[in-house]
Amino acid sequence: MSINSIRDTFFEECEDLLDALIEGLAEMSGGSYEGETVHAVFRAVHSIKGGAGAFGLNQLVGFAHTFETVLDRVRSDQLEVDPELMRVLQRAGDHLSDLVEANRIASEVDEGTHASLLQALNGFLGIDPADGEDGGQEEEFVFEALALDLDLQDDIGGQTDGYEIRFSPNPALYANGHEPLLIFEALAGLGSLEVAANTTDLAPFADLDWKAPKTDWIIRLRSSEPEHLIDEVFEFVEGLCELSIEAIQTDPPEEAAADVPDLDDAAPDGGADPTPPAAASAPAEEAVKVVDLAALRTSPADAEKKQEPKAANGPRPTLRVDLERVDRLINTVGELIINQAVISQRIEEIGLPSGSGLSTELEDYKLLAREIQEGVMAIRAQPVKPLFQRMSRIVREASDATGKAARLVTEGEGTEVDKTVVERLADPLTHMIRNAIDHGLEGPEQRARAGKDAVGTIRLAAFHRSGSVLIEITDDGAGLDRDRILETAVSKGLVPAEAELAPGEIDNLLFMPGFSTAKEVSNLSGRGVGMDVVKTAISSLGGRVTITSRAGEGTTFSIVLPLTLAVMDGMVVKVAGQTMVVPISSIIETIRPGPDELHRFGVDGWLLSIRGSYVPIIDVATSLGRGVPDADVRDQVLLLIQTEGQSHCALAVNGISDQRQVVIKSLEGNYGHIPGVSAATILGDGKIALIIDPDAVVANSSAALRRVSDPRPEKEIANGAAG
Amino acid sequence: MAQPVEIAESEFIEFVTFVAGEQSFCIEITQIREIRRWSPVTILPHAPDHVLGVMNLRGAVIPIFDLAAKLGLGRITPTERHVIIIAAVNGQTIGLLVDSVSEILSVRHDRVQETPNVRADDTTTCILGVIPIEEGMTRVIDLGRIVPAKAEGAA
C-alpha cells in the first residue's frame with residue numbers, strides 16, 4: 001500500500017465523516033438531538049483530525065483541533081447550544097469540508113474565512129489557560145525520541161490518582177492512518193503524561209520491517225479524570241491495538257521512573273529482556289501491578305459493549321465496491337435481458353406445440369432475469385439525503401450573501417435515485433436554490449409588509465411518482481414577476497414585442513439561453529449561467545423541469561427524473577423502414593387519425609384536431625434528416641407527446657410494433673451525439689434500434705421550419721404592427 | 001503526425017493488409033480487435049456519407065464506417081462478401097467496411113516510409129506512411145483520423 005493510496009483512503013473516509021458531521025450538525029440545529037448526536041459530530045471531527053495529522057496536513061489539524069475542542073465543551077455541557085453557536089458550528093463544518101477538499105486537490109482555502117472562523121471558535125472557548133497549555137504541549141511533541149517525558153513533576157505530588165496504560169499498536173493501526181503521537185497529545189490534555197517506548201521485543205535494526213511498525217508504549221498518566229475519558233481517547237483505535245488501562249495509586253516518582261524502560265535499557269541489541277513485553281514484563285513488574293492478562297481480555301469486551309448502541313441506530317453494514325465493477329455487472333445483466341429476449345423470439349419462431357411447457361419455463365426465465373436486473377440496479381440507487389444535506393450549506397451561504405434569512409426544509413430524503421443522477425443533480429440544484437433565495441425570496445421589509453415570516457423557507461422535496469423521481473424546489477417568496485420576465489425577454493430579442501404569451505409560456509422563458517432577470521449581476525447568481533444550463537443538465541439526465549408560480553405565494557420548480565439511467569420503457573415504432581424506440585414517459589396517447597381529424601396547414605404541414613384544439617404533426621423521419629415524408633400522413637400513426645414547453649405535438653411514425661423495457665446503450669462512447677437521438681438499444685433480434693429524443697425531434701423540426709420560412713413571419717409581424 | 005506508429009521497441013511491426021476502393025491499405029495489428037462478415041446495420045440520422053450506421057457487437061454499439069467513402073474512393077455497396085474490420089483507437093471501438101482482407105504483413109520498422117509529400121486530399125490526410133510490398137505498395141491507415149472527434153457536437 002503506497003502512501004498515496006492510504007491518502008486516497010483517508011479522503012474517501014473523510015467524505016463519509018463529513019457527511020456524518022453535516023448530518024449531525026443539521027440535527028443539532030433542528031433542536032431535536034441527544035447526546036449521541038454531539039458525540040457523533042465530535043467523533044467525525046476527531047477522526048478527520050487524526051487522519052490529517054498522519055499526513056501532516058497542519059492547517060487542517062489545527063482547525064479540526066479547535067473545532068473539536070468547542071464540540072468537546074458542548075458535549076460536556078460546558079457550552080450551551082444557542083443559535084449563534086450553531087451558526088458558527090455549521091460554518092465551521094462547511095469550512096472543514098473546504099479544508100479537506102483543498103488538501104485533497106492541494107489548493108488553498110480562503111485565509112480570511114479560515115481566520116475569522118478560528119477566531120469565532122476560539123471566542124466560544126474563551127481565554128482559557130488550559131487551552132494555551134495544550135498548544136504548548138503540541139509543540140513539544142516531536143516524533144523522534146523513543147521516550148517522551150513530559151515532565152510536569154510539580155503536579156505529581158498533588159495527584160492521588162493515575163493510570164498506567166499499555167498500548168501496543170497493530171500494524172493495521174498505522175495502515176488506517178492513526179498516529180500514536182496524536183493519542184498521546186490527547187492524553188496529555190487529561191493530565192501529566194509520561195510516555196516510554198518499550199523496545200524490548202524490537203527485532204535487530206537490520207531485520208525491522210518498515211511495513212509493520214512494532215513498538216509498544218507504556219504510558220503513565222497522572223490525572224484525576226474518570227477512566228471513561230481515557231477510553232474515549234482510544235476509541236478510534238479499538239481493535240487496532242492491544243490496550244490495557246489500569247488505575248494506579250500514587251507512586252513515588254522514583255519508582256515510576258524505574259519501571260519505565262528507558263532508552264539505555266531498550267537499546268536494540270542490548271535488550272535485557274528479549275521476550276514479548278505483555279507476557280514477560282508483567283510478572284517482573286508485579287509490584288506496581290501493571291498489566292494483568294485479565295485486563296487485556298476485558299478490552300475487547302468493552303469494545304463490543306460500546307458498539308452495541310451504535311449498531312442499533314447507526315447505518316447498516318455496507319460494502320464499498322468499485323463503481324466500475326457494478327457497472328460491468330449492470331452491463332452484463334443488460335446482455336442477459338437481451339439474450340433472454342433473443343431466445344424467446346427464436347423459440348417462438350420454431351412454433352413449438354403449446355403443451356411443451358417450454359413457454360412456462362421461458363416465462364420464469366424472463367422473470368428471473370428481470371429480478372436480477374432490478375437487484376443490480378438497486379446497487380446503484382442511492383438516497384438523495386447527502387445531496388439534500390449539501391444544499392443546506394448553499395442556503396446558508398446564499399442567505400449570508402444576500403442578507404435574506406432563509407431556512408431549508410427537506411422532505412423525502414430517503415428517496416433513492418441512481419448514483420449518477422444524484423451526482424449530476426448537485427450543480428443544477430445548487431443553482432436553483434441560489435436563484436430561489438436571490439430572486440425568489442423577497443427582502444426583509446417586503447416580507448414584513450406581506451405579513452410573512454421574516455425567515456424565508458426553501459423546501460426541497462423528493463418522492464417517487466409513477467416510475468419517476470420528482471424533486472421539487474419551492475420558495476415562499478413573491479412568485480415570478482411575469483411582466484418583468486416578458487419585458488426582459490422582449491428587450492433581449494428572445495420574443496417579439498407583440499407576442500401574446502400564456503403565463504406558463506412566460507415562465508418558461510426563464511429557461512431560454514441568454515435570459516437572466518437579475519437587474520444587476522449579484523455575486524450569487526447572475527454570473528451569466530442561466531436557468532438554461534439547469535435545463536440542459538436535467539435534460540441530459542433524461543429528465544425535465546417545469547415551473548409553477550403563484551404571485552405572492554412563491555415558486556415551485558419541479559424536476560422529473562427517470563429512476564435509472566440504464567433501462568426505460570419504450571414504444572417500439574417503425575420510422576422510414578427502421579425500428580426505433582420512443583420513451584413511453586413522453587407519450588400521452590397514440591392516435592390513428594381519421595381523415596376529418598387531419599388538416600393541411602402551410603405548404604406541407606399538417607395539424608391534428610384533437611378534443612377541440614389543433615396540434616402540429618411532426619414527421620419523425622423528416623426531422624431526422626429524410627428529405628420528404630416517405631409516407632402520407634394519413635397512413636401514419638400519431639404519438640401525442642408533451643414537449644418541454646408544455647405544448648402538445650403529434651409525432652408521425654409508420655407504425656407501432658411493440659412496447660417493452662429497453663436497455664439504454666450510449667452512442668456517444670464510440671460515435672458521438674446525434675441530434676434527435678438520445679441513445680440506442682438492442683432489440684430481441686440482436687439489432688440496434690435508436691431511441692428517439694422527442695423534444696429534440698420537435699426542436700429539430702421547428703428549427704428547420706424557421707430557417708426555411710424566416711422572411712415570411714417578419715413580414716407578417718410588420719404587417720400586423722402596421723395594421 | 002497525429003498517431004505515430006510505435007516503431008522503436010521491436011524490430012518488426014505486424015500489419016493487416018486489406019483492399020478498399022481497389023487500393024491496398026493496412027492497419028497495425030495491435031489496433032485490430034476482430035474481423036467479421038458484413039451484416040446489415042442500423043442507419044444513423046444526420047450522419048455523413050461514410051457512416052453506414054451502427055451494429056451490435058456483443059452488446060456494444062459500434063459505428064461502422066465505409067473506408068473507401070471516407071477516403072474519397074467511392075462508396076461500397078455492401079454484400080455478404082464484404083468484411084468489417086473491428087478496430088480500437090483512443091478508447092473508441094469502430095468498424096471499417098472494406099472489400100476484402102489480404103494478409104498479415106510483418107515488416108521491419110524502417111521499411112515503413114513516410115507519406116510522400118503530395119497534395120492533401122481525403123486519402124492522404126488519413127495515411128501515416130507507405131510500405132512497399134510484392135504487389136506494389138500498401139498504405140498505413142491513421143485510425144485517429146477516421147474516428148470522429150468524441151467531443152464533437154456531444155454537448
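So that the names make sense, note that chain A is the first sequence line, chain B the second, and so on, each numbered from 1.
- Between A/Tyr671 and B/Val51 the shortest side-chain heavy-atom distance falls below 4.5 Å.
- Counting non-hydrogen atoms of other residues, nucleotides and ligands closer than 6.0 Å to CD of A/Glu348 gives a total of 12 or fewer.
- In this structure, the portion of A/Ile682 lying under 4.5 Å from any heavy atom of chain B is its side chain and not its backbone.
- The shortest side-chain heavy-atom distance between A/Asn670 and B/Val61 does not fall under the 4.5 Å cut-off.
- When every heavy atom of B/Pro45 is checked against every heavy atom of A/Leu624, the shortest pair comes out as CB-O, 3.0 Å.
- The number of heavy-atom neighbours closer than 6.0 Å to CD of B/Glu34, taken from other residues, nucleotides and ligands shown, is above 12.
- With a threshold of 4.5 angstrom between heavy atoms, B/Ala88 does not approach chain A through any atom at all.
- When heavy atoms are compared at a cutoff of 4.5 Å, A/Thr579 does not approach chain B at all.
- The number of heavy-atom neighbours closer than 6.0 Å to CD1 of B/Ile104, taken from other residues, nucleotides and ligands shown, is 12 or below.
- Smallest separation of non-hydrogen atoms from A/Leu690 and B/Thr42: CG-CG2, 4.3 Å.
- Other residues, nucleotides and ligands place no more than 12 heavy atoms under 6.0 Å from the CD atom of A/Glu371.
- If you take CG on A/Leu667 and CG on B/Leu44, they are separated by 6.5 Å, rounding to the nearest 0.5 Å.
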